[in-house]
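Each remark here refers to the structure printed beneath this line.
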Amino acid sequence: MTRYNPKEAEPKWQQRWADAGVFETANDPHKENYFVLEMFPYPSGRIHMGHVRNYAMGDVVARYKKARGFNVLHPMGWDAFGMPAENAAMQTGAHPREWTYANIEAMRTQLQGMGLAIDWAREFATSDPDYYLHEQRMFLAFWEAGFVERRESVVNWDPVDHTVLANEQVIDGKGWRSGAPVERRTLSQWFLKITDQAEDLLAALDDGRLAGWPDNVKLMQRNWIGKSKGCKLRFDFAGETELPAALADGLSVYTTRPDTLFGASFCGVAPDHSLAQHFAAQDPALAAFIQDCQAGGTSEEAIEKAEKKGYALPLQMAHPFNPARTLPVYVANFILMQYGTGAIFGCPAHDQRDLDFARKYDLGVTPVVLPPGTAPDAMTIEAEAYTGPGSLFNSDFLDGLTVEDGIVAAIARLEAAGQGEGHTNFRLRDWGVSRQRYWGCPIPAVHCDACGVVPVRAEDLPVTLPDVPASAFQVPGNPLDRADDWRLVPCPKCGKPARRETDTFDTFIDSSWYFARFTNPKADAPVDRVAADRWLPVDQYIGGIEHAILHLLYARYFTRCMKAIGLVDIDEPFANLFTQGMVTHATFQSADGEWLLPDDVVVDNGEAKDLATGRPVFVGAVEKMSKSKKNVVSPEVIAADYGVDAARWFVLSDSPPERDVEWTASGIDGAWRLMGRLWDSVSPHAGAFASFDPYTVPADLSDKDTALRRVTHGSIDAITSDIEHFRFNKAVARLYEFLGHLRKAGDVNAWARAEALSALARLIAPFIPHLAEECWEVLGGNGFVYEAAWPVADPDLLVSDQVSLPVQVNGKKRAMLTIAADLDKEGIEAAALADPAVIRHLEGKTIIKKVIVPGRIVNIVVK
RNA sequence: GCGGACGUGGCGGAAUUGGUAGACGCAACAGACUUAAAAUCUGUCGAGGGUAACCUCGUGGGGGUUCAAGUCCCCCCGUCCGCACCA
């Protein structure tokens with residue numbers, strides 16, 4: 001018996017699969033279509049264990065669906081534009097294009113070495129001009145359809161990456177990639193009007209269109225869209241003002257609580273509100289105050305500790321329901337220009353921030369909501385605002401109404417008086433897509449002094465990136481700004497000298513439609529409508545939870561835009577989404593704080609030591625594999641030592657797929673042992689299929705043979721269900737059990753054994769495809785196991801005629817009956833009461849109740 | 001602060017959704033093979049008591065519902081994730 005040798009078997013089967021072209025997407029009209037997609041990788045240069053886990057899961061699904069008779073589309077591509085290529089250019093002097101495409105080459109080889117059932121003929125990179133040509137075409141169509149807007153706006157500026165960030169890309173006030181505190185700048189920017197779709201993006205989360213998405217992702221998107229219902233209302237200035245016309249109309253505020261208007265004691269505006277800016281121009285102290293507010297970090301801590309601060313403006317506002325009452329106006333640091341109208345009215349009794357502010361500036365606190373069961377004179381506000389339900393008081397025409405009714409009544413009164421209207425506000429803001437970078441898709445527009453911003457003519461697409469020398473990246477700023485040969489062009493409209501747009505697209509645009517391009521990557525339109533209708537939406541999308549908001553929201557929005565211009569006929573791009581957990585590893589640190597690679601550490605009797613020096617090593621937390629903490633294990637090294645099947649097997653074992661899995665040396669050893677046991681169990685039965693007719697069950701099977709058949713069919717049933725439900729860890733456990741039974745089956749009928757082996761080879765194929773092919777071949781299977789049909793469990797073998805039934809006395813298990821499966825309640829009761837152990841526990845007691853649940857349990861209650 | 005998920009052996013995790021708690025793997029221990037080790041195989045493996053058959057306890061803590069609770073309800077404690085001065 002020879003040992004299984006993955007070093008020979010894996011390349012051999014990869015070659016045979018490729019030669020036979022088995023992974024090419026089939027278009028059999030008699031079969032159903034299934035599109036499985038893993039989030040495509042950024043070509044950083046090397047695959048890591050996270051990729052292995054992600055693609056192993058997708059491959060299980062793809063191979064399983066293929067075996068179930070689907071036409072499977074399982075493509076791969078590269079999210080190839082982006083900052084790291086330019087950073088590499090700065091550091092190494094390599095041109096971003098060369099760096100990127102060299103990385104793609106390297107990573108493709110690595111991925112192909114994983115033996116993934118991918119149709120490589122459909123591969124593309126988003127940096128291919130043929131891809132971004134269509135992105136530009138689509139953008140021009142969006143522009144024409146009114147989805148695009150150019151506007152001056154205060155943007156999040158990343159001072160390290162020298163580029164603008166979308167709000168979604170600002171995390172705790174820092175750039176999502178650089179980690180640098182974000183600054184505010186006013187720039188003219190391209191926007192996609194995602195807020196126009198806010199209602200539908202939100203509605204689809206709840207109306208069943210995303211039934212196949214995890215709840216936590218839907219919740220995160222719901223919070224991000226942040227719908228709130230309230231009203232916009234206008235406060236007029238009390239008395240004469242000398243404000244310019246643009247500001248003279250009063251102050252527009254947004255509130256969700258118009259019912260508390262009678263408790264208002266001040267108005268507030270954001271530091272960058274136009275009213276604040278107006279007075280700052282005349283008042284240096286206010287200007288200083290505003291600057292102070294803006295300098296304050298937007299980080300979590302800074303906000304937590306920030307005191308409510310205000311600066312009174314020389315203005316008074318009239319109360320909308322009682323113009324005789326006037327309210328002071330403050331510029332306040334806790335008011336956000338980006339939300340609502342950038343202005344509020346403060347009701348200290350029922351809003352904690354307003355209360356903090358009112359206490360500091362000694363403003364009135366008038367409670368207007370009476371908690372249920374509280375007397376009006378007992379209602380006082382001390383340090384805590386009351387935000388709960390109740391009935392309104394101190395509120396004129398609103399007195400006695402509930403909060404809900406009060407909101408409706410207040411809005412009605414405001415609308416009647418022409419002072420306000422009901423308004424739905426979203427937290428979501430439009431998607432700024434301009435990036436001041438070279439390595440991205442050029443925005444196909446030209447700036448002309450006479451014509452303004454003009455789209456590039458269709459026949460002039462694609463606008464390709466100019467060749468700039470690698471040295472251009474050594475200078476800060478955008479090389480496109482300096483590429484005058486490329487930048488200076490005639491205006492497409494009037495022909496006069498004009499300038500190309502030098503911003504490129506946010507790379508999230510590239511990944512917002514790639515799934516549609518995969519349905520026909522050679523199409524001469526952005527999307528081939530026939531192919532898209534055949535394959536979309538993606539049936540199963542798999543990727544990291546870190547994309548729960550950014551990528552997944554943009555892709556949903558983009559799909560709506562594509563539908564609007566007729567490119568696709570779907571609202572939602574991903575019917576089912578699965579977010580997989582990370583691959584983690586223990587961290588190791590030497591006495592002097594240096595991080596150590598797992599390979600440099602040896603664990604001996606529970607003591608970790610530095611392999612080179614023998615000195616003790618501190619074992620730290622189990623964390624996501626990362627270069628900075630060196631707790632990485634290279635897929636290449638593992639593949640070289642154990643083969644890719646073992647690595648695939650291990651990352652799918654133990655932990656549920658949505659949870660993190662800890663990589664351990666003993667774990668991969670365990671996976672490796674399984675490979676050996678499997679091969680040792682299969683290889684002695686070479687040619688077992690020679691006289692095996694799966695459709696003719698021999699008549700002379702012994703009980704032992706039938707017992708094996710039950711195990712075989714039970715395993716088929718359970719593993720099928722586990723794969724369907726993404727319970728790969730359980731499928732793995734069942735395969736261990738199946739193999740264990742098979743090994744202990746001893747001397748069984750050759751037919752029953754062949755049936756078991758045939759099922760086994762096919763059941764392991766999605767997980768460890770190379771070994772499965774090796775087994776299939778030695779057994780004498782036809783063709784590739786990849787192309788073999790999935791085994792089907794015989795329902796008759798899933799039910800046994802004998803079952804064991806636990807018997808409880810007072811809820812404690814006392815006996816185990818082995819009885820006929822179809823025994824009726826009386827029979828079960830008789831058998832239970834006849835059991836010696838049960839009799840012993842009933843002795844001297846009175847039976848007060850007998851609970852008999854056939855197939856489940858018997859419980860006898862005694863006193 | 002708001003929202004969500006979760007808490008089971010030495011460890012990762014199972015438990016058909018109210019019905020035998022701890023499947024399967026890892027680690028550990030014992031044995032077989034071996035001159036020896038590795039590899040491989042066999043067995044044990046929640047805690048306590050008992051020679052044993054068995055008994056008691058046990059799913060973060062406390063209470064409750066039920067014939068029956070890891071699972072449902074209430075109150076605590078803890079961990080993780082997301083959002084966060086959102087009016």
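Predicted, not measured: the structure shown is a model, and the values here were computed from it. In what follows, chains carry the letters A, B, and so on, assigned in the order in which the sequence lines appear, proteins first and then strands, with residues in each chain numbered from 1.
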Query - Interface residues of residues 647-657 of chain A with RNA chain B (non-hydrogen, below 4.0 angstrom) - result: A/D654, A/S655, A/P656

Query raised in the report: Any luck finding a side-chain donor-acceptor pair between A/S265 and A/Y361 under 3.5 Å?
Result: no

Query raised in the report: When the ring planes of A/H319 and A/F235 are compared, do they come out parallel, tilted or perpendicular, using 30° and 60° as the limits?
Result: perpendicular

Query raised in the report: For B/A87, does OP1 or OP2 lie under 4.0 Å from any side-chain N or O of A/Y339?
Result: yes

Query - Assigned glycosidic conformation for B/U17 [threshold 90° from 0] - result: syn

Report summary line: Comparing nearest nucleotides in RNA chain B, the 5'-proximal residue of the pair A/A671, A/R353 is A/A671

Requested in this report: Not counting sequence neighbours, which residues clear salt bridge (Lys or Arg N to Asp or Glu O under 4.0 Å) with A/R257? List them please.
Outcome: A/D259

Interface polar pairs with nucleotides 15-17 of chain B, N/O, under 3.5 angstrom:
from	atom 1	to	atom 2	distance (Å)
B/A15	OP1	A/K730	NZ	2.4

Report task. Between protein and nucleotides 47-59 of chain B, map the contacts as a letter string: B base, S sugar-phosphate only, - none, heavy atoms under 4.0 Å, written 5' to 3'. Result -> -------SSSS--

Give me the distances for all protein-to-nucleotides 3-10 of chain B N/O pairs that come in under 3.5 Å?
none

Report task. Could you tell me whether A/R3 sits above the aromatic face of A/W679, with NZ or CZ closer than 6.0 angstrom to the six-membered ring centre and within 45 degrees of the axis? Result -> no

Report task. Give a yes-or-no answer on whether the side chains of A/R659 and A/Q580 include a donor-acceptor pair shorter than 3.5 Å. Result -> no

Could I get a table of every N or O pair under 3.5 Å where one atom is in the protein and the other is in nucleotides 40-42 of chain B?
from	atom 1	to	atom 2	distance (Å)
B/C41	OP1	A/R743	NH2	3.0

Query raised in the report: So, for A/F262 and A/F321, is the gap between ring centers shorter than 6.0 Å?
Result: yes

Query raised in the report: Between A/F726 and A/F728, does the ring centre distance come in under 6.0 Å?
Result: yes

Query raised in the report: Whom does B/C26 pair with, Watson-Crick or G-U wobble, provided both distances fall under 3.5 Å?
Result: B/G10

Query raised in the report: Just by distance, do the side chain of A/S721 and the backbone of A/D717 share a donor-acceptor pair under 3.5 Å?
Result: no

Query raised in the report: What is the pairing partner of B/G82, taking Watson-Crick or G-U wobble pairs with both distances under 3.5 Å in any strand?
Result: B/C2

Requested in this report: Using Watson-Crick or G-U wobble geometry with both distances below 3.5 Å, tell me the partner of B/C41, or none.
Outcome: B/G31

